[in-house]
Amino acid sequence: RAKTVGRNCNVLFTPDMQQVLTRRRRLETRIWEALHAQEFILFFQPILSARTKQLEGFEALIRLPDGFGEMISPGEFIPIAEEIGAISRIGDWVIRSACRFAATWPEHLTVSVNLSAAQFGRNFEADQGLVDVVLQALKDSGLDPHRLELEITESLVMERTDVVLSELKALRDLGVSIAMDDFGTGYSNLSSLWQLPFTKLKIDQSFAKSWRENAATVHPILDTIASLSRSLGVNLTAEGVETQEEDDLFTGLGCDQLQGYLFGRPLPPADMAAFLISHRTPSLEATTFEDWSSG
Ligand code: C2E
Ligand code: MG
Ligand code: MG
Ligand code: MG
């Protein structure tokens with residue numbers, strides 16, 4: 001009997017699946033390896049004011065070097081890191097590194113960090129809780145809490161609302177901002193979603209894409225999201241802005257901030273200095289000038 005099962009397995013176990021499993025196992029090993037050797041890298045994508053097109057901050061986006069000169073995207077390795085229980089430690093590293101980087105930028109710029117569900121509810125003895133990790137990262141880097149934004153998703157919140165809620169409140173009390181990322185892709189209960197203390201909505205990039213394909217259907221939905229965010233008093237950011245038409249659309253809808261390839265792809269750390277120099281804001285220069293001329 002066992003033999004029959006074995007044979008069936010062999011029949012079902014195609015070379016394709018073998019490849020998938022091998023890659024998966026290699027990725028798991030690579031994740032632990034990179035964690036111990038501190039080989040993860042943060043890229044930073046610019047976030048601009050919709051109205052003035054001035055640089056206002058960056059989103060930290062993690063990359064995993066595969067060891068052969070290529071980067072593995074978080075879309076591929078984050079779900080695996082979550083499954084194998086590595087995401088909390090990776091996430092703690094992201095928070096600390098992002099704060100350390102941001103502390104070297106001009107002071108008006110913010111940094112946004114993506115969180116995973118497993119980073120919440122860790123307040124038991126063996127483990128430092130999320131709030132402590134953030135507090136420590138702010139202290140060590142000297143970054144003003146108002147310059148740190150943490151991004152959560154609808155699904156993250158809906159899994160464990162109570163734990164997440166109390167930690168989010170504690171983070172807000174520190175002065176940290178909270179953004180609801182990928183908004184419009186989950187199927188959450190809107191009225192319970194709005195009990196959460198977030199300060200910004202990020203419209204998922206799929207909306208920009210579907211608007212390109214079917215503006216007549218998608219425009220009223222975007223308009224509704226915009227007025228919803230206005231009446232609830234939260235900021236609104238559009239993600240995945242790739243064309244001038246999308247810039248016009250989202251700016252016209254009243255979005256506060258824009259993010260997307262039109263304004264910049266995620267930058268490797270080595271390119272940050274040059275980018276910051278080329279994006280010195282006129283308002284900064286004006287302030288400096290006024291200070292100088294009045295003093
Ligand atoms: P996200 O937080 O929604 O980040 C935006 C993603 O859209 C990024 O992909 C970014 O490179 C991409 N993007 C930005 N502008 C455009 C555009 O104009 N067009 C298109 N097509 N794409 C654009 P990335 O870097 O591959 O990250 C994917 C996701 O992985 C992120 O989505 C986030 O959910 C997750 N992630 C990234 N870094 C971290 C991290 O440090 N921790 C955790 N837990 N998740 C992370
Ligand atoms: Mg994000
Ligand atoms: Mg997003
Ligand atoms: Mg996303």
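Just follow the structure's listing: the first ligand is 1, and inside any ligand the first atom is 1.
Checking Asp204 against the Mg ion (ligand 3), every N/O/S atom stays at or beyond the 2.8 Å cut-off. Here Asn114 reaches the Mg ion (ligand 2): one of its N/O/S atoms is less than 2.8 Å from the metal. Within the coordination shell of the Mg ion (ligand 3), defined by N, O or S atoms under 2.8 Å, Asp181 is present.
Checking Asn114 against Glu59 by side-chain atom types alone, a donor-acceptor pair falls below 3.5 Å. In this structure, a donor-acceptor pair under 3.5 Å is absent between the side chains of Glu213 and Ser210. Counting only N and O atoms by type, the side chains of Ser116 and Glu82 include a donor and acceptor under 3.5 Å apart. The closest side-chain donor-acceptor pair between Lys200 and Gln257 falls under 3.5 angstrom.
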Exercise. Go through the steps for Val176 and Leu138 under the test side-chain contact (heavy atoms from CB on, under 4.5 Å), then give the verdict.
Key: CA-CA 10 Å; Val176 171; Leu138 290 169; 4.2 Å; yes

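Residue Val94 has at least one heavy-atom neighbour below 4.0 Å for each of these atoms of ligand 1: 41 (O). Shown in contact with Glu242 at under 4.0 Å from a heavy atom are these atoms of ligand 1, numbered in order with element: 17 (C), 18 (O), 19 (N), 20 (C), 21 (N). Of all atoms in ligand 1, numbered sequentially from 1 with element shown, those under 4.0 Å from a heavy atom of Pro266 are 11 (O).
Using a non-hydrogen distance threshold of 4.0 Å, Gly240 registers as a contact of ligand 1. Not close to ligand 1: Lys209, with no non-hydrogen atom less than 4.0 angstrom away.
Closest to the Mg ion (ligand 2) among the N, O or S atoms of Glu151 is OE1. Taking the Mg ion (ligand 2) as reference, the nearest N/O/S atom within Glu59 carries the name OE2.
Contact annotation for Leu61 and ligand 1: heavy atoms of both the backbone and the side chain come within less than 4.0 Å of the ligand. When non-hydrogen atoms are compared, ligand 1 lies under 4.0 Å from the side chain of Asp182 (C-beta onward) but not from its backbone. Proximity of Gln45 to ligand 1, defined as any heavy-atom pair under 4.0 Å, is confined to the side chain (atoms from C-beta onward). Residue contacts with ligand 1 for Leu115 involve N, CA, C or O but no side-chain atom from C-beta outward (heavy atoms, distance under 4.0 Å). If you look at Glu239 next to ligand 1, the close heavy atoms, those under 4.0 Å, all belong to the side chain.
Hydrophobic clustering, with ILVMFWY side chains joined whenever heavy atoms are under 4.5 angstrom apart, groups Val113 together with Ile152. When the side chains of ILVMFWY residues are joined at heavy-atom separations under 4.5 Å, either directly or via intervening members, Trp194 and Ile221 end up in a single hydrophobic cluster.
Of the candidates Asn114, Ile152, Leu156, Asn114 brings a heavy atom nearest to atom 42 (N) of ligand 1. Comparing Pro74, Ser112, Ala60 against atom 35 (C) of ligand 1, the shortest heavy-atom distance belongs to Pro74.
When ring centroids are compared, Phe250 and Trp211 stay outside the 6.0 Å threshold.
Side-chain contact between Thr22 and Gln18 is present, with at least one heavy-atom pair separated by less than 4.5 Å. When side chains are defined from C-beta on, Glu149 does not count as touching Val111, because their heavy atoms never get closer than 4.5 Å.
Note: no N/O pair closer than 3.5 Å links Gln119 and ligand 1 by distance alone. Taking distance alone, with nitrogen or oxygen atoms compared against 3.5 Å, Arg63 approaches ligand 1 more closely than that limit. Geometrically, ligand 1 and Gln259 share no nitrogen or oxygen pair separated by less than 3.5 Å. For a threshold of 3.5 Å applied to N or O pairs, the pair formed by Leu262 and ligand 1 contains no separation below that value.
Put simply, the side chain of Arg230 never gets that close to the backbone of Asn235: no donor and acceptor are under 3.5 Å apart. A donor-acceptor distance shorter than 3.5 angstrom exists from the side chain of Thr29 to the backbone of Arg25, with no hydrogens or angles considered.
The heavy-atom pair separating Ile72 from Phe77 by the smallest distance is O-CE2, 3.5 Å.
In this structure, OE2 of Glu239 and OD1 of Asp182 enclose an angle of 170° at the Mg ion (ligand 3), rounded to 10°.
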